Amino acid sequence: MEKKISNIFKGDKVIWMIFFFLCIISIMEVYSASAQLTYKSGNYFTPVIYHTTILLMGVVGTVIVLNIPCRFFKVFTPILLVGAFVSLIAVYLVGSKTNDAARWLSFFGIPFQPSELAKGALILATAQILSAMQREKGADRQAMPYILFISAFIIPLIFFENFSTAALLSFVIFLMMIIGRVPWTQLGKLVTCVIVAAALAVAVVMVFGKTEKVELTPEQQRYEQYHKKKEVKKDKTLGEKVFHRLGAWKMRLEDFTNDDPKAKYDVKNKPQRVHGNIAIGTSSLFGKGPGNSVERDFLPAAHCDFIYAIIIEEMGLIGGIFVALLYIILLFRTARIARRCENNFPAFLAMGIALLLVVQACFNMYVAVDLAPITGQPLPLVSKGGTSSIINCIYIGVLLSISRTAKVAKDIREKDTVNPQMQVAVNG
């Protein structure tokens with residue numbers, strides 16, 4: 001029996017343990033934080049049953065992927081890139097909107113977020129380019145142009161509808177280029193261009209973004225609702241379709257940089273920030289205990305964007321640190337596996353995936369503790385999700401596959417001849 005189980009859970013045991021802990025924490029906290037979804041559905045168990053089913057599907061995906069030798073991942077690169085590009089175009093045309101941003105497609109009633117597919121595809125392509133163009137003194141100078149060329153077909157399509165995802169993905173690709181030993185002169189020029197572009201973008205947002213809100217009387221609101229059903233929708237211009245998020249970006253920037261406590265912590269207009277801070281501020285070293293959150297009833301998206309605040313409220317500072325440590329250990333464990341790889345491709349791919357998960361987790365935590373502007377980034381493998389949760393599980397499967405099937409460097413093999421237990425621990 002033990003042998004059959006070990007045949008299923010192959011790969012690095014530490015990554016398996018991290019994955020297990022994050023899934024257990026996810027089920028517990030989604031069950032607790034889904035109070036608002038419970039009120040809508042009328043069934044207390046529906047949200048957590050749905051989420052648990054998604055995670056189980058993700059675990060199946062993890063087991064399937066970890067049994068694929070890592071050398072075959074290169075085959076999926078062009079397929080995923082084309083699929084990501086087509087789906088990102090499609091989401092502009094027929095995508096479903098969340099908070100006035102087109103981010104979802106639906107296949108047979110199943111919601112799908114193309115940006116999640118695009119992240120994995122671009123990381124795969126970057127790892128392949130960096131590994132193919134490694135030279136004795138570092139990456140060839142043509143590596144960066146190739147990476148930027150492919151990124152130009154993916155990141156801008158994400159940018160206008162989901163700025164935070166595009167920014168995080170760009171940052172991960174940049175870190176991969178550092179790890180891939182792209183020349184520092186090229187990286188310096190890229191950083192300079194990004195700073196200039198970011199400054200211009202902020203200026204455009206602050207000048208052209210519209211955040212005016214007109215207060216309507218109850219009679220005017222009823223009039224608007226009545227006539228909204230009858231009015232003919234006007235076709236938006238291309239500029240309105242592309243730049244319609246400027247107002248939302250401006251509002252978030254102004255909200256984050258506002259020094260007036262009364263305006264910044266206005267519970268009526270800023271419920272996420274206010275109730276997120278209350279959830280963290282009213283916790284203690286050990287928290288209120290699982291299922292005893294108070295702010296989950298008032299905090300919008302408590303089961304998704306702000307689940308880390310609920311974790312701290314219920315599990316205290318100890319629980320918050322423990323969750324953060326899980327991601328840090330995942331990154332260092334992946335770095336150890338990458339360092340042992342004989343070939344560059346699995347090493348770069350492993351680091352890219354680990355950085356993607358950890359950077360997103362860090363940003364989600366920064367938002368929850370009020371150190372970053374509010375965005376829609378979930379906590380990987382913990383927040384309630386659909387396709388994003390399944391794809392994150394598949395990322396874990398890729399890491400496990402690399403830990404299991406990647407060739408070990410010769411000098412490491414020679415050391416492991418002296419210490420065979422180390423080889424067993426790494427290869428699972």
Side-chain angles (χ1 to χ4, degrees), residues 58 61-62 64-95 103-105 107 110 112-135 139-159 161-162 165-166 168-177 179-182 338 341-357 387-388 390-402 404-407:
T62 301
I64 292 173
V65 172
L66 75 85
N67 283 283
I68 301 174
C70 62
R71 65 181 180 274
F72 291 119
F73 292 141
K74 292 182 181 181
V75 178
F76 299 108
T77 304
I79 301 172
L80 291 176
L81 282 174
V82 173
F85 179 74
V86 172
S87 60
L88 286 171
I89 293 292
V91 82
Y92 276 92
L93 302 176
V94 296
R103 297 176 181 176
W104 301 88
L105 291 175
F107 292 103
I110 301 174
F112 167 70
Q113 198 166 3
S115 60
E116 295 296 329
L117 175 64
K119 289 190 291 188
L122 190 54
I123 286 174
L124 258 174
T126 302
Q128 197 163 338
I129 293 170
L130 290 173
S131 63
M133 306 194 73
Q134 283 298 304
R135 304 294 181 260
D140 190 281
R141 296 187 68 85
Q142 292 300 314
M144 177 183 281
Y146 284 131
I147 293 171
L148 295 181
F149 177 76
I150 294 176
S151 299
F153 287 92
I154 299 296
I155 292 179
L157 293 176
I158 302 174
F159 177 86
E161 295 295 337
N162 197 340
T165 297
L168 288 174
L169 180 57
S170 300
F171 183 59
V172 170
I173 298 301
F174 180 76
L175 293 178
M176 288 183 69
M177 287 193 287
I179 295 171
R181 302 190 301 167
V182 170
C341 292
E342 182 179 56
N343 300 318
N344 290 316
F345 172 70
F348 291 147
L349 178 59
M351 288 306 301
I353 289 175
L355 285 169
L356 178 66
L357 294 173
T387 53
S388 62
I390 294 175
I391 291 177
N392 286 332
C393 291
I394 290 174
Y395 290 156
I396 295 295
V398 173
L399 295 180
L400 292 168
S401 173
I402 293 171
R404 188 177 70 87
T405 64
K407 291 183 179 180

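Scope of the values below: all heavy atoms of this structure, side chains included, with no hydrogens, waters or symmetry mates. Owing to the predicted nature of the structure, the values given are computational and were not obtained by experimental measurement.
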(request) Output all residues satisfying side-chain contact (heavy atoms from CB on, under 4.5 Å) with Ile390, sequence neighbours left out; order by chain, then residue number. (result) Ile54, Met57, Ile394

Between atom [atom1] of [X] and atom [atom2] of [Y], what is the distance when rounded to the nearest 0.5 Å?
X      : Y      : atom1 : atom2 : result
Leu356 : Asn392 : CG    : CG    : 7.5 Å
Leu169 : Ser115 : CG    : OG    : 9.0 Å
Leu66  : Ile402 : CG    : CD1   : 11.5 Å
Ile396 : Ile391 : CD1   : CD1   : 13.5 Å
Ile173 : Ser151 : CD1   : OG    : 5.5 Å
Ile158 : Glu116 : CD1   : CD    : 9.0 Å

(request) Please state whether the rings of Phe153 and Phe149 are parallel, tilted or perpendicular, taking 30° and 60° as the class boundaries. (result) perpendicular

(message) Test your reading of the model: is there a side-chain donor-acceptor pair from Asp140 to the backbone of Gln142, 3.5 Å cut-off?
(response) yes

(request) Keeping the roles fixed (side chain from Ser401, backbone from Gly397), state whether a donor-acceptor pair exists under 3.5 Å. (result) no

What's the shortest heavy-atom distance between [X] and [Y], and which atoms?
X      : Y      : result
Ala338 : Met351 : CB-CG, 3.8 Å
Ala350 : Leu399 : O-CD2, 3.5 Å
Ile68  : Thr405 : O-OG1, 4.5 Å
Ala143 : Ala139 : CB-CB, 4.3 Å

(message) Would you say that more than 12 heavy atoms from the other residues, nucleotides or ligands in this model lie under 6.0 Å from the OH of Tyr146, or not?
(response) no

Could you check whether any side-chain heavy atom of [X] comes within less than 4.5 Å of a side-chain heavy atom of [Y], counting everything from C-beta outward?
X      : Y      : answer
Leu130 : Ile147 : yes
Phe73  : Val65  : yes
Ile155 : Leu122 : yes

Please list every donor-acceptor pair under 3.5 Å in which a side-chain atom of residues 79-86 meets a protein atom from a residue at least two apart or in another chain.
none

(request) Just grab all the side-chain hydrogen bond (donor to acceptor under 3.5 Å, both in side chains) pairs involving residues 124-134, residues at least two apart or on different chains. (result) Thr77-Gln128, Gln134-Arg181

